[in-house]
Amino acid sequence: MSTLHTVNKSPFDRPSLTSCLNHLMPGDAVLLIEDGVIAARKGSAFSSPLEAAMKDCSVYVLSPDSSARGIGDGDMVSGIETVDYGGFVDLVVKHDRTQSWL
Amino acid sequence: MSTLHTVNKSPFDRPSLTSCLNHLMPGDAVLLIEDGVIAARKGSAFSSPLEAAMKDCSVYVLSPDSSARGIGDGDMVSGIETVDYGGFVDLVVKHDRTQSWL
Amino acid sequence: MSEDAKKFLYVNRKAPYGTIYALESLEVVLIGAAFEQEVTLAFLDDGVYQLAKGQETAGVGMKNFSPTYRALGDYDVNKFYVERESLEERGLTEDDLQEITYEDEDDDWAEKPSIRVVNRDEMKKIMSEQDVILSF
Amino acid sequence: MSEDAKKFLYVNRKAPYGTIYALESLEVVLIGAAFEQEVTLAFLDDGVYQLAKGQETAGVGMKNFSPTYRALGDYDVNKFYVERESLEERGLTEDDLQEITYEDEDDDWAEKPSIRVVNRDEMKKIMSEQDVILSF
Amino acid sequence: MKLAIVVNEGPYTHQASDTALHFTRAALEAGHEIERVFFYHDGVNNATRLTVPPQDDRNLQKEWTELGTTHGLDMVVCIAAAQRRGILDANEAKRQGKDADNIAEGFRISGLGQLIDAGIQADRLVTFGD
Amino acid sequence: MKLAIVVNEGPYTHQASDTALHFTRAALEAGHEIERVFFYHDGVNNATRLTVPPQDDRNLQKEWTELGTTHGLDMVVCIAAAQRRGILDANEAKRQGKDADNIAEGFRISGLGQLIDAGIQADRLVTFGD
């Protein structure tokens with residue numbers, strides 16, 4: 001039993017990512033979408049919290065959204081995986097529930 | 001020459017208050033409106049930054065908004081003044097420009 | 001409640017009045033109460049302000065919907081989990097929240113509090129036990 | 001520019017694409033350029049992402065409006081102040097921003113950079129010198 | 001698998017409607033069933049046929065209408081949220097004494113119960129919002 | 001003093017329209033002149049006459065229309081923002097080949113230049129948004 005958490009806002013603009021990371025259970029997954037992808041950029045204030053979360057959770061980025069914001073795959077915190085919309089669907093299916101941190 | 005800054009979002013939900021306080025000039029005024037009034041509650045994580053700002057700036061709260069959120073005048077950080085919509089208009093007139101931190 | 005009832009969680013993270021999400025979340029809860037599912041409400045981050053005592057909205061010209069939370073007990077909605085850390089950061093305590101109760105049919109209709117202040121670890125566990133999560 | 005031109009500041013604090021504010025701010029700047037006022041653009045907080053290099057929007061199906069910033073020099077809009085602290089917090093440097101230039105008519109049409117990275121104290125001073133501030 | 005989609009913001013202002021549309025398409029391509037697409041809050045604004053986006057931009061209402069009619073999707077606009085925001089079908093317009101309606105093809109107006117019902121019927125519910 | 005008001009969000013979803021309305025009323029009561037009220041972004045949604053808010057709630061479109069007509073306010077809806085969001089007057093509807101319009105009394109549709117002009121003409125400009 002695990003949860004897919006989606007975060008669609010920049011962690012600099014909203015507390016959603018921080019709240020999300022504070023409520024993860026081991027085995028959960030976090031998918032960064034829309035402005036949420038800003039968290040994935042390496043060297044940002046949110047790199048450490050994401051790295052800590054990846055100890056027992058997975059972190060994904062929706063690649064059409066990171067591309068739109070000029071964040072290349074090489075610009076991201078290492079360990080983060082990218083998915084497209086089809087991969088987003090697969091993640092929803094694979095986890096027992098989806099929680100959107102709006 | 002001074003600026004009236006309005007902040008309409010909770011400091012827990014947006015960086016607007018923090019950004020605003022970081023860009024104040026001595027003699028400026030900050031008016032907390034809408035969900036921005038949440039910053040005014042004493043004992044919150046934002047009490048100290050507001051107290052620091054009040055050393056050379058004024059801080060106001062739009063009282064219809066604090067009342068709506070159950071924040072009484074006695075619940076606020078001391079030194080904050082309350083105004084009604086008429087007082088809001090007076091503040092706009094009194095300062096040379098208004099900057100809305102949206 | 002039927003055997004195959006689903007567990008619905010309403011997650012409330014936004015302050016009332018500044019945006020409509022709190023009010024329109026409450027409207028879903030009211031309609032959802034008729035569906036015989038297992039309903040839980042979570043209040044965290046600025047969402048804790050939805051339950052603040054003493055809301056007076058005459059000045060802003062908006063309808064004060066806070067009394068409606070007190071009516072939810074009559075619709076078997078009586079699990080209001082409020083996150084302690086969210087209260088503390090905001091300088092609030094349980095005393096700043098309105099009193100909300102329900103009558104427990106399994107305990108001779110004794111009046112019991114609907115609001116339970118929980119810490120973050122309890123909240124995360126509650127979230128992980130749901131079937132459907134609606135976020136506002 | 002006329003003697004009585006007003007100083008207009010456009011404050012951009014939001015990332016592009018997730019919301020429409022960046023695009024609709026740019027639309028105001030384009031129209032405003034015809035009014036012969038003194039125009040300054042400020043990019044801080046997530047607004048710095050509006051100028052990020054290499055934006056590719058085919059995947060999200062939205063129009064890439066980032067090239068439009070490069071055209072603003074032709075409309076005498078060439079003061080782009082970007083806050084250094086906002087870049088740093090986000091792991092960005094000036095090299096991650098697109099190159100935007102204008103031709104300086106007062107200096108034999110020499111090509112000069114429109115983007116000037118400033119620190120917070122400089123930004124606050126710029127803000128305090130305006131007549132009209134439009135926030136997006 | 002049966003998926004329910006909730007769209008909470010209007011077109012263009014927030015990316016939510018775009019993301020929901022791409023997600024729904026991908027789910028259909030992967031062979032999943034869409035139990036319902038429910039439009040709530042400002043999401044009801046996706047359903048007005050009066051939008052005229054710029055020529056070089058996407059037309060989100062048309063894309064939803066096309067996706068919905070092609071795949072027979074149940075696209076429900078919450079009636080309470082729609083009334084607050086001025087989204088009406090011909091019946092509602094008549095009932096409310098309004099002289100025009102604006103709902104687009106492929107959408108139907110119904111109650112919030114349809115959101116709960118979607119949560120009950122679907123295997124997964126995914127929300128797109130602000 | 002001459003004040004310009006900018007409203008950037010739609011009614012009900014955000015409090016911006018309420019605050020702007022209270023502010024404008026207070027400014028008029030204090031004897032100030034309102035140079036213009038400019039509706040931009042989702043603010044254009046304040047101008048639809050098709051809203052039907054609950055009986056026990058305020059009707060923001062009606063309040064704007066009443067305030068505007070009583071005081072002869074120039075209430076301008078940005079045309080580009082309005083087209084994206086489906087707010088049309090009869091002329092625009094005809095020009096765009098749409099079969100209905102929805103603008104309310106007291107509002108007029110015009111270009112973004114009216115926002116800049118308001119900033120130039122007014123002594124102060126105040127923005128209400130998200």
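The sequence lines fix the lettering, A, B, ..., with proteins before strands; numbering per chain opens at 1.
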**Student:** Which residue pairs satisfy the salt bridge (Lys or Arg N to Asp or Glu O under 4.0 Å) criterion with at least one member in residues 85-97 of chain B, sequence neighbours excluded?
**Tutor:** none

**Student:** Residues two or more places apart in sequence or in another chain: which of them pass ring-ring contact (aromatic ring centres under 6.0 Å, His included) with C:F8?
**Tutor:** none

**Student:** Is there side-chain contact between B:F46 and B:F12, with at least one heavy-atom pair below 4.5 Å?
**Tutor:**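 A side-chain contact under 4.5 Å exists here.
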
**Student:** Distance from B:L17 atom CG to B:L50 atom CG, nearest 0.5 Å?
**Tutor:**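 It comes to 5.5 Å.
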
**Student:** Got C:I100 and C:L72 here, is their nearest side-chain heavy-atom distance under 4.5 Å?
**Tutor:** no

**Student:** Can you sort out the partners of B:A40 under side chain to side chain contact (heavy atoms under 4.5 Å, CB included), two or more places apart, ordered by chain and number?
**Tutor:** B:L32, B:V61, B:M76, B:I80

**Student:** Tell me, for B:L62 versus chain C, whether the close heavy atoms (under 4.5 Å) come from the side chain, the backbone, both or neither.
**Tutor:** neither

**Student:** Decide whether B:S2 and B:H95 meet the rule of one side-chain donor and one side-chain acceptor closer than 3.5 Å.
**Tutor:**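 Distance-only check passes for B:S2 and B:H95.
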
**Student:** Could you list each N or O donor-acceptor pair linking chain B to chain C at a distance under 3.5 Å?
**Tutor:**
{"unit_1": "B:S10", "atom_1": "OG", "unit_2": "C:D46", "atom_2": "OD1", "d": "3.3"}
{"unit_1": "B:S10", "atom_1": "OG", "unit_2": "C:D46", "atom_2": "OD2", "d": "2.6"}
{"unit_1": "B:D35", "atom_1": "OD1", "unit_2": "C:G18", "atom_2": "N", "d": "3.2"}
{"unit_1": "B:R41", "atom_1": "NH1", "unit_2": "C:G91", "atom_2": "O", "d": "3.1"}
{"unit_1": "B:R41", "atom_1": "NH2", "unit_2": "C:D96", "atom_2": "OD1", "d": "3.2"}
{"unit_1": "B:A45", "atom_1": "N", "unit_2": "C:E89", "atom_2": "O", "d": "3.0"}
{"unit_1": "B:S67", "atom_1": "O", "unit_2": "C:E56", "atom_2": "N", "d": "2.9"}
{"unit_1": "B:A68", "atom_1": "N", "unit_2": "C:E56", "atom_2": "O", "d": "3.2"}

**Student:** With a 4.5 Å cut-off on heavy-atom pairs, point out which of B:A68, B:G70, B:P64, B:G72 contacts chain C the most.
**Tutor:** B:A68

